[in-house]
Every structure is written in structure tokens, then in C-alpha cells.
Amino acid sequence: MKSTHLEKEERGYFTSPSSNFRGSGGKSSETRNMASKYNRTIEEVLSVLTNAKVSEKDLTPVTQVLSFSESSELEENLLLLELDNNLLGLLNNGDSLAFRGDKNDSAVMCTKNKTFEVKTAEISNSLALVPEILWSQDTNDSIEDRSLTEKNVVKVFYEYLEVRPCGPRLQKLRSLLEKGQYSGPEYEDDIKESGVKLLTFHDLLHKIQASEEELYAALKENFACCIDGFWRCLEFNYHFRVLSSILSLLDENSWPINGVLRHEVLETLNDLVPEVILNHLMDWYTSENPNQNTCTLRDDRICKVLGEVLLRPAGKWNLQEFLTAWQQSVPEGMVTNMKYLEGIAIKDTSCQPQVVRYFPEWELPEDIGERFKVLFQAREKWTIDDIRPFVERLTTSKMNVNALLTKHARASTLNGTKYYSARHGK
């Protein structure tokens, strides 16, 4: 990133009252004092042009003399931010860009639906910020006599902030939600007495480095529920207890999995479970049947949570025993599939008997290098389909799963199957 604004701009000419300007970059208070005491003359400007072998007729008739004064605190805190045309277009259209993160976080910048990491980059040539500077189109070329006008340099920049797309940083979200998790109305007094601060969406935006749309999607993914204006996750055992009540009602009424009567569920369980919780679970675990008064249980989500119920306390399961127990736990008519457990479990087929264990993606490090380290400690070799759920959230528009694996893993082929392992073997 270069700037020649201190010398020439098209046919304009800029000059500094201080001969020490280039060496000091405007930093020296001595230089500033010299600038305030010395007035450049037209004769000196013409002499500089002659020595520089620049023809006066190639320039506009206005010479702008740059001087430095003591900067205010506001000016000293000014930063340069580089934006591409898309981001600049958002600002021009009246949208906003927000910087997010706690004091110990590296900064990110967010639009309404995307997140960008912010890095400091050096400028090869210094850039001077000069308000009200005249460009060539602002001067009258028909005037023959040269004139001088003084312009004040507010600040000289040697670095700027550049932004690059990145994924939302959601590592803290689950822990924040769990502090005020909802365990049922009978425990709400305990929450109040504990002094735990419940968080609104606005509160979360100030703590989580994500755009509004990304944060809302993450809340939904984490099964968070908005209760009285505060976003909270459901305590897992309470969540399972309410879901079990819904599934028991299904069994008692002999409803097929595609013939659940939502209004009867709400009416029957309303005295036991707050309506907001019932609606939340019904929205998540069912889909409405078009032109009917019934809804259908979602196989993927029901099977996932029931599989998690089995895996959480067990450590490792014999894979075949787990698959049998899992199938027996789901409603009649549903068929379990290991793809439903992507991101919360891993299986090891290298040992006998084969095993499966609880391995939630959200507990892995947010740093991609550290994440791969943990993944290869947990399992030496991965196929791309097995590892994808554990790294996909950290991809960007310019760095997909394949690119991440190329950068952080070593590929090998065994019996026609491609595997990925640690770049530096044990």
C-alpha cells in the first residue's frame, strides 16, 4: 500500500515547511515547532521544482504547504481501516460494521451476516491524513499565477487494519448459556439467588464474536430458548425429561410418528411444562404437515438426542451393543443412522471390538491448529467424511475443508480409501 500524496497528486504539488519532514514522518515535536514558525514562500517552491526538474506548467497553479501541529487525543487515536468494495458498499448504503470481542480477544469485525478477522498491516510508505486537501479538479487551471495554501497534517500513518473473512468465534457461547441454564420452574428462585446474570441477545452480541445472523443460528444449533427475553439453554436432563413426556404421550395415544397432534401435546402437558418450553421442543423436533392439523417427528433430531443420552455417561460403548440399544430407544418407525451423531461422537474401527464414544465438537479448541492436534490424538487416521463435522465450522469462503486438511494434515491411501493423519507423525 503506497502513497505519494506528500509529493505529487496528478498535477497538484505538495510540500512541507520542514526539510526534516521525510526523516521524521511528522513525529518530532521539534519539527512541528519549526513548521509553526516557518512560512514557505513561492520563490522557495519554484526553487524546489527546478531542483527536482519538474516543469511548473505540468502542475496546477496551487501549491499546498503541509504543516504539523500538536494532535488532539481524538486524532492520535485515529486508525486506518481498509475495506473492499462490498464492505464499503454496505457503509454507503447506511448499514453498520461492528467490532466485537472482550479485552483479551483479538478483534473481529461483523456485518449483519458475516464475520471478519482484523489484523494490523504495515504500510510501505507513510500515509498522511490531510483534511480539506485540494485535488486537481478542485483548482482553476486558467489561473497563471502560483498561489500557496496551507494544509494541516492531522496524522501520519505507518500501518492500517486489514480484514479477512473468518468463521464466527462461538467457543464462549455454550459456557455463557450454561451459567443460566433452565432446569425447570422449580429452580428459578435458585437462579435468582445465585446472582447469575441472564443474557439478552444484545448482551450476547457484545460478548460473542459473530454477526447477528451467525449468532442467532448458533443459538438455534445449541438449542437455546428465549425465556422472558433472556437466552438460555435447557439443562440436558430437564430437556430429556420434557422430550420423554412428549414421546410417552405419542405412545399412549398410539399416534404414528407422522401424525402427532401438536395442540393436544400443548394442552396435556401445559400444567407440567411452561408453554414456551413445549413450543420450543415441538418446533425443534417436529415439522408441520401441509394442509393438516398434525406434525411429523424429525428422525434426525430425535435419534441424535436419544443417542446422546446413551453416550454421555458411558465413556466408550461396544459399537454393536450401542447400535442395538440406540435402535431400541427410538420411537417405532424410526431407523437410527450413525450420520445423526456427526459432531457429537466418533467410532474407532481399528480395535476389536469396535467402539464408539461421546466426542462433542463444541468442546474442541477454537484455534484450528490446536483442534487438529486434539483430533489426531483422539484418532490417528480420519476419512474426510468422518473429520468434516469437527472442522467444517472453522471453514471460510476461501478455506474449505479440503484446503484445511491440505494445510494441517497429511494424506495417505490405504486399500483405496484416503485417510488424513497428523502432518508430523508420532
To the nearest 0.5 Å, what is the distance between [atom1] on [X] and [atom2] on [Y]?
X	Y	atom1	atom2	value
R371	L394	CZ	CG	4.5 Å
L177	C225	CG	SG	11.0 Å
K114	N86	NZ	CG	7.0 Å
H202	E212	NE2	CD	10.0 Å
Q209	C110	CD	SG	7.5 Å
R357	K347	CZ	NZ	14.5 Å

Among E366, E221, E342, salt bridge (Lys or Arg N to Asp or Glu O under 4.0 Å) partner for R393
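Of E366, E221, E342, salt bridge (Lys or Arg N to Asp or Glu O under 4.0 Å) with R393 is met by E366 alone.
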With a 6.0 Å cut-off (strictly less than), is the heavy-atom count around [atom1] of [X], excluding the residue itself, greater than 12?
X	atom1	value
Y187	OH	no
K151	NZ	yes
D228	CG	no
K172	NZ	yes
Y238	OH	yes
N270	CG	yes
E132	CD	no

Once you measure the plane-to-plane angle for H239 and F223, does it fall in the parallel (<30°), tilted (30-60°) or perpendicular (>60°) bin?
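Parallel: the ring planes of H239 and F223 meet at under 30°.
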Using the six-membered ring wherever Trp is involved, compare the ring planes of F359 and W382 and label them parallel, tilted or perpendicular (cut-offs 30° and 60°).
tilted
Between the side chain of [X] and the main-chain N/O of [Y], is any donor-acceptor distance below 3.5 Å?
X	Y	result
R312	Y358	no
R301	Y285	no
D102	N104	no
E214	S211	yes
Q64	I133	no
R298	T286	no
N289	N258	yes
W317	L310	yes

Could you check whether any side-chain heavy atom of [X] comes within less than 4.5 Å of a side-chain heavy atom of [Y], counting everything from C-beta outward?
X	Y	value
M338	W326	yes
S106	R169	yes
V260	L249	no
I346	F390	yes
I191	L198	yes
N400	N402	yes
N337	Y340	yes
V273	S245	no

Starting from the C-alpha separation in whole Å, work towards a yes-or-no answer on side-chain contact (heavy atoms from CB on, under 4.5 Å) for L250 and L297.
CA-CA 10 Å; L250 182 85; L297 292 181; 3.6 Å; yes
Run the side chain to side chain donor-acceptor pair (under 3.5 Å) test on T336 and Q327 for me, step by step, so that the C-alpha distance in whole Å, both residues' side-chain angles and the decisive distance to 0.1 Å come before the verdict.
CA-CA 6 Å; T336 57; Q327 181 60 54; 3.1 Å; yes
May I have the step-by-step check of side chain to side chain donor-acceptor pair (under 3.5 Å) for S248 and D251, ending in yes or no?
CA-CA 5 Å; S248 295; D251 187 56; over 6 Å; no
How close do [X] and [Y] get, counting heavy atoms only, and between which atoms?
X	Y	answer
A345	L311	CB-CD1, 3.6 Å
L129	P131	O-CD, 3.7 Å
L81	F99	CD2-CZ, 4.1 Å
A210	R100	O-NH1, 2.9 Å
V196	K179	CG1-O, 3.3 Å
A409	F376	CB-CZ, 3.7 Å

[X] with [Y]: basic N within carboxylate O range, under 4.0 Å:
X	Y	result
R262	D283	yes
R379	D386	yes
E159	K119	no

What pairs with D189 under salt bridge (charged side-chain N to carboxylate O under 4.0 Å, His left out), at least two apart in sequence or on another chain?
none
Check step by step if side chain to side chain donor-acceptor pair (under 3.5 Å) holds for N415 and T417.
CA-CA 6 Å; N415 298 327; T417 301; over 6 Å; no
Give the C-alpha distance, both sets of side-chain angles, the deciding distance and a yes or no for side-chain contact (heavy atoms from CB on, under 4.5 Å) between L261 and T294.
CA-CA 5 Å; L261 298 177; T294 60; 3.4 Å; yes
